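Below, read A as the first sequence line, B as the second, and so on, with proteins coming before strands; counting in each chain starts at 1. These numbers come from the heavy atoms of this one structure, side chains and all, not from hydrogens, waters or symmetry mates. Fair warning: this is a prediction, and the values are worked out from it, not measured in the lab.
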Amino acid sequence: MKNDKSLIRKKLRSSFVKIFDKTLLDEIVEIGIYKSFEKEDLLIDIDDQMTHIPLIIDGVVKVIREDKNNDEILLYFLEKGDTCAISFINCINRSKSMFRAVIEKDTTCIMIPIDKIEDWIIKHKTWRHFIIDSYHKRLTEMVEAIDSLAFLKLDDRLYKYLSDKMKILHNQNLTITHQQIADDLNTSRVVVSRLLKSLEKIGKIELGRNKIKIAI
DNA sequence: ACATTAAGTGATT
DNA sequence: AATCACTTAATGT
């Protein structure tokens with residue numbers, strides 16, 4: 001069950017539709033290790049040495065940047081069909097992770113050892129495209145994160161955060177505390193509580209203990 | 001019943 | 001928008 005090759009093949013097919021050609025798919029199935037993680041698990045931490053790259057089959061991973069004072073800021077989410085593209089470069093030049101990746105929703109993925117990453121870039125055109133495309137996606141999301149930090153006021157950022165989260169979790173009922181939101185946005189809980197209250201007043205959300213329902 | 005944790009609020013900077 | 005200081009409400013033991 002642990003490393004059922006046909007299972008891996010099936011999962012890869014459904015989550016990475018038509019991305020990998022047959023020979024590459026065969027190699028991934030042969031080499032990849034199937035792994036599951038639970039919410040709050042730490043996939044990779046800042047300054048960790050990368051050994052594997054995750055290809056995400058299912059679930060959600062949040063990617064965070066942290067400064068010296070342990071202040072965090074949410075950068076973006078990874079979901080089905082994604083990979084941590086930034087980590088590729090980290091792998092290739094053997095440097096350490098710049099980010100922390102935490103499981104946001106129970107996740108299954110296929111781990112690829114780093115020595116294969118570079119091989120495949122040379123060997124497989126589809127892999128090459130996958131990497132470049134994934135890098136592009138991450139860069140786009142990063143720019144979006146910068147935009148929202150630089151140009152949006154906190155109330156808009158907060159609402160964007162909630163709707164992004166709703167989208168990626170496919171659930172308009174979020175189970176989250178005001179404190180956790182404050183951590184992700186790097187602000188204080190009191191401020192989050194107040195802004196949420198005002199969002200509730202204008203009918204954009206409904207509040208409950210540990211719960212937020214986003215109106216559609 | 002009591003302690004703990006989450007959320008609400010006025011006042012101050 | 002942040003911080004303080006405090007209250008109220010919900011939940012766990």
Can you tell me the distance, in whole Å, between the CG atom of A/Asp183 and the P atom of C/dA2? 13 Å
Could you tell me the separation between the CG atom of A/Asp71 and the C1' atom of C/dT3, rounded to a whole number of Å? 15 Å
Atom CG of A/Leu196 to atom C1' of C/dA1: distance rounded to whole Å? 15 Å
Protein-nucleotide distance (A/Lys201, atom NZ; B/dG8, atom C1'), rounded to Å: 10 Å
Find the distance A/Asp155:CG to C/dA1:C1' and express it as a whole number of Å. 11 Å
Closest to the side chain of A/Thr177, out of C/dC4, B/dA7, C/dA2, is B/dA7
Side-chain N or O of A/His178 less than 4.0 angstrom from OP1 or OP2 on B/dG8? yes
Within this structure, what is the OG-CD1 distance for the pair A/Ser163 and A/Ile168, rounded to the nearest 0.5 Å? 12.0 Å
The reported gap from SG in A/Cys109 to CG in A/Leu43 (rounded to nearest 0.5 angstrom) is 6.0 Å
B/dA6 phosphate, OP1 or OP2: any side-chain N/O from A/Ser193 under 4.0 angstrom? no
Out of B/dG8, C/dC4, C/dA2, whichever nucleotide has its closest atom nearest the side chain of A/Val190: C/dC4
Considering residues at least two apart in sequence or located in another chain, which fulfil the side chain to side chain donor-acceptor pair (under 3.5 Å) criterion with A/Glu66? A/Arg100
Protein-nucleotide distance (A/Arg194, atom CZ; C/dA2, atom C1'), rounded to Å: 10 Å
Atom pair distance, as rounded to whole Å: CG in A/Leu199 and P in B/dA7: 15 Å
Can you spot which of A/Lys22, A/Lys116, A/Lys123 makes a side-chain hydrogen bond (donor to acceptor under 3.5 Å, both in side chains) with A/Glu27? A/Lys123
For the CG atom of A/Leu78 and the OH atom of A/Tyr76, what is their distance to the nearest 0.5 Å? 6.0 Å
Can you check each nucleotide of nucleotides 7-13 of chain C against protein heavy atoms at under 4.0 Å and return B for base, S for sugar-phosphate only, - for none, in 5' to 3' order? --BBS--
Do the side chains of A/Ile19 and A/Leu55 join up, straight or via other hydrophobic residues, at under 4.5 Å, putting them in one cluster? yes
A/Gln179 vs A/Asp183, side chain to side chain donor-acceptor pair (under 3.5 Å): CA-CA, chis, key distance, verdict: CA-CA 6 Å; A/Gln179 185 60 61; A/Asp183 291 343; 3.2 Å; yes
Among C/dA2, C/dA1, B/dT9, which nucleotide has an atom closest to any side-chain atom of A/Lys153? C/dA1
Measure the distance from CG on A/Leu158 to C1' on B/dA7 and round it to the nearest whole Å. 15 Å
